[in-house]
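Okay, structure first, notes after.
Hydrogens, waters and symmetry mates play no part in the numbers below; they use all other heavy atoms, side chains included. Per chain, numbering begins at 1; letters A, B, ... match sequence-line order.
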Amino acid sequence: MLKIYNSLTREKQDFVPITPGSVRMYVCGMTVYDYCHLGHARVLVVFDMVQRWLRASGLQVCYVRNITDIDDKIIRRALANKESISELTDRFIGLMDEDAAALGVEKPDHEPRATQYIPQMLGLIKLLEKNGLAYQATTGDVNFSVRKFPGYGKLSGKSIDDLRAGERVDVDTGKDDPLDFVLWKQARQGEPFWPSPWGNGRPGWHIECSAMSSDLLGKHFDIHGGGQDLQFPHHENEIAQSEGAHRCPFVNYWMHNGFVRVDDEKMSKSLGNFFTIREILKQYDPEVLRFFILRAHYRSPLNYSDAHLDDARQALSRLYTALKAAPPAAAEVDWHEPHAIRFSQAMNDDFNTPDACAALFDLASEVNRSRSAGLSSQLRGLAGLLGLLKRDPQGFLQGTPALGTEEMSAEAIEMLIANRLAAKKRKDYVEADRIRSGLLAVGIVLEDDAQGTNWRRA
RNA sequence: GGCGCGAUAGCAAAGCGGUUAUGCACCGGAUUGCAAAUCCGUGUAGGUGGGUUCGACUCCCGCUCGCGCCUCCA
């Protein structure tokens, strides 16, 4: 039985799908005006893992991850770049796809873009207006009336009055209450707009997710995910909009992944301490990054540093080394085998990937001891469910230079290995060792076995 | 100020009221021409003060420290 920690109830709960045998899941994706950073990588990988495990559990999954392609930041960036909004967003959607693919993230079933759902948003706003929850302010903006929605704050555990305590005096917003949020922004000079019953304008941030999720998944669906920082106000507002418009429960299970940190501080755009996926992939194999993300629990904070990635790289090498020692027969998982059982229990316990990884390492030891192709298949099969160990071991072991080591071509390495073998044949161990330590100095490790000499990157 | 989360060995990171987490690093042994890899083995934990219990890293309370949200942010 799968258990999921539900942010809404703040406890682990048995997962019971609305429709037996199938799951509908929505995850807040990217706002496309810049490169994806490590925080985005975490959302992408974590919910890819969730989606994979749901499918592996025999459920039929409909996974939606949206793209926000219209908002203030996008408008500003396009202006600064002197390009059109669609040029900007198309470009970064392409780059995001590349990053996601590198990290082994499977394509969601739907990737709706906000700008393609304007009619649905307008429909939703009309419903909210009809239900007395939306009003047009003197500024022309259409706002959501937070105080008229009972239960506002149930996701984030905030009460409206507590929120008021920290508020700053804000004039000219036209809001009845400072906590009200915008559903539809009145068009301003030089900004893109769409016609609406309330005049030309563009959508507020939160309404797109309510519109896209109900259009693709229905008014009431199973799982909604995203980064912890979206819990308030974004997800809180989504609930208010969706439940306020449809008058029915919105989402059963809310999942929020923890932050990525640098030096124990949240990595964020505003702090400027973020690393893009691209930057990191210049130094590390994408699978190392994926493994780094998955070896921590999705709700825990994840501290980034080169040392931690180096550590992850060494650990992943151990798994690939085991696969190399005993080539797998297949990648089919035998679910009666003890490691598979442990793996499955770990995953069913709120996607405990660190524990699932521990099962993988125990299995690797077993493979090394037994040299069993069957167990090796188990290893590859189970790891595959996390999107790991899909490659040829040699490709991984020889393809990822450690930080600070120089590149050397495979041909050059092979040549030196041949020279060393010749030296060994004539028992010139001084020369043989000289060659080996020379290679080690540039990050190449030689391993002799009965068949000959293999090399890998340290 | 309001609300919430966390504190595990050198580093990273899980489960668990009593029995080896796991990985990296380290140490001893096997193996090797020497190594590497691998195997075997040892060691290093649970912020602090109380409480509950036959027994607590694990449950409860206080304290200290760290972090997050309350504003765009994955």
Touch class at under 4.0 angstrom, heavy-atom based, for A/Lys73 against every strand present: sugar-phosphate

Sugar-phosphate, base or nothing in reach of A/Arg420, heavy atoms under 4.0 Å: base

Shortest side-chain distance from A/Leu230, nucleotide among B/rA74, B/rG15, B/rA13: B/rA74

Nearest-angstrom distance from the residue atom CG of A/Leu294 to C1' of B/rA12: 15 Å

Salt bridge (charged side-chain N to carboxylate O under 4.0 Å, His left out) partners of A/Lys148, counting only residues at least two apart: none

Pair A/His37 + A/Phe275: ring centers closer than 6.0 Å: no

Carboxylate-amine/guanidinium proximity below 4.0 Å for A/Glu83 and A/Arg91: yes

C1' gap between B/rC72 and B/rG49, integer Å: 43 Å

Rounded interatomic separation in angstrom, taking CG from A/Asp34 and P from B/rC72: 19 Å

For atom CD1 of A/Ile277 and atom P of B/rA74, their distance in whole Å: 12 Å

A/Lys266 NZ/CZ over A/Phe259 ring centroid, <6.0 Å and within 45° of normal: yes

Sidechain N-carboxylate O distance under 4.0 Å for A/Asp71, A/Arg77: no

Protein-nucleotide distance (A/Gln345, atom CD; B/rG15, atom C1'), rounded to Å: 11 Å

Contact pattern, 5' to 3', of nucleotides 23-32 of chain B - B, S or - by protein heavy atom under 4.0 Å: BBS-------

Sugar-phosphate, base or nothing in reach of A/Lys427, heavy atoms under 4.0 Å: nothing

Under 3.5 Å donor-acceptor pair, A/Asp433 side-chain atoms to B/rG33 base atoms: yes

Spacing of A/His256 atom NE2 relative to B/rC3 atom C1', expressed in whole Å: 15 Å

Cationic tip of A/Lys269 above A/Phe274 ring, under 6.0 Å, 45° of axis: yes

Pairwise P distance for B/rU19 and B/rU44, with rounding to whole Å: 15 Å

P gap between B/rU8 and B/rU48, integer Å: 11 Å

Value in whole Å for how far the P atom of B/rG33 lies from NZ of A/Lys425: 15 Å

Contacts of type salt bridge (charged side-chain N to carboxylate O under 4.0 Å, His left out), residue A/Asp311, not counting sequence neighbours: A/Arg295

NZ/NE/NH1/NH2 to OD/OE distance under 4.0 Å, A/Asp310 and A/Arg313: no

Spacing between A/Leu440 atom CG and B/rA35 atom P, to the nearest angstrom: 14 Å

Among A/Met49, A/Arg65, A/Arg52, A/Gln51, side chain to side chain contact (heavy atoms under 4.5 Å, CB included) partner for A/Val105: A/Arg65

Sugar-phosphate only, base, or nothing, as touched by A/Val260 at under 4.0 Å among non-hydrogen atoms: base

Nearest-nucleotide 5' precedence on RNA chain B, A/Arg10 against A/Tyr429: A/Arg10

B/rC67 base / A/Arg261 side chain donor-acceptor hit below 3.5 Å: no

Short side-chain N/O contact from A/Arg369 to OP1 or OP2 of B/rC40, under 4.0 Å: yes

Nucleotide of B/rC40, B/rG15, B/rA74 approaching A/Asn352 most closely (side-chain heavy atoms): B/rG15

Pairwise P distance, B/rG46 and B/rG50 [rounded to whole Å]: 16 Å

A/His235 NE2 - B/rC69 P separation (whole Å): 15 Å

Step-by-step side-chain contact (heavy atoms from CB on, under 4.5 Å) determination, A/Leu302 to A/Arg42: CA-CA 9 Å; A/Leu302 181 63; A/Arg42 194 173 193 192; 3.5 Å; yes

Same-atom distance (P) from B/rG68 to B/rG29, integer angstrom: 47 Å

Sugar-phosphate only, base, or nothing, as touched by A/Ser268 at under 4.0 Å among non-hydrogen atoms: base

Donor-acceptor pair (no angle test) under 3.5 Å: A/Lys269 side chain, B/rC72 base: no

Steps toward ring pair (Phe, Tyr, Trp, His ring centres under 6.0 Å) verdict (A/His235, A/His256): CA-CA 10 Å; A/His235 291 159; A/His256 292 99; 5.0 Å; yes

Rounded P spacing from B/rC16 to B/rC67 in Å: 28 Å

Spacing of the C1' atoms in B/rG18 and B/rC69 (rounded, Å): 39 Å

Sugar-phosphate only, base, or nothing, as touched by A/His297 at under 4.0 Å among non-hydrogen atoms: sugar-phosphate

Sugar-phosphate only, base, or nothing, as touched by A/Gly258 at under 4.0 Å among non-hydrogen atoms: base

Side-chain touch A/Leu397/A/Lys324, heavy atoms, less than 4.5 angstrom: yes

Residues A/Arg147, A/Asp180: salt bridge by 4.0 Å N-O rule: no

Pairing stems for RNA chain B [at least three consecutive pairs; Watson-Crick or G-U; under 3.5 angstrom]: B:1-7 with B:64-70, B:10-12 with B:22-24, B:27-30 with B:38-41, B:47-51 with B:59-63

Heavy-atom donor-acceptor pair, A/Ser270 side-chain to B/rC72 base, under 3.5 Å: yes

B/rG47 versus B/rC65 - spacing of their C1' atoms, nearest Å: 8 Å

side-chain contact (heavy atoms from CB on, under 4.5 Å) between A/Leu38 and A/Ile277, intermediate numbers included: CA-CA 6 Å; A/Leu38 242 193; A/Ile277 296 175; 5.7 Å; no

Which residue lies more 5' along RNA chain B, comparing A/Tyr298 with A/Thr31 via nearest heavy atoms: A/Tyr298

Below 4.0 Å: OP1/OP2 of B/rC73 and any side-chain N or O of A/Trp205: yes

Proximal nucleotide (of B/rG33, B/rA74, B/rG68) relative to the A/Arg436 side chain: B/rG33

Evaluation steps, side-chain contact (heavy atoms from CB on, under 4.5 Å), between A/Leu88 and A/Ile74: CA-CA 8 Å; A/Leu88 176 77; A/Ile74 292 172; 3.9 Å; yes

For A/Asp362, the option from A/Arg318, A/Arg342, A/Arg369 that meets salt bridge (Lys or Arg N to Asp or Glu O under 4.0 Å): A/Arg342

Min side-chain heavy-atom separation A/Asp449-A/Asn454 under 4.5 Å: yes

Between the protein and nucleotides 16-19 of chain B, which nitrogen or oxygen pairs are less than 3.5 angstrom apart?
none

Any residue of residues 38-47 of chain A with a heavy atom less than 4.0 Å from an atom of RNA chain B: A/Gly39, A/His40, A/Val43

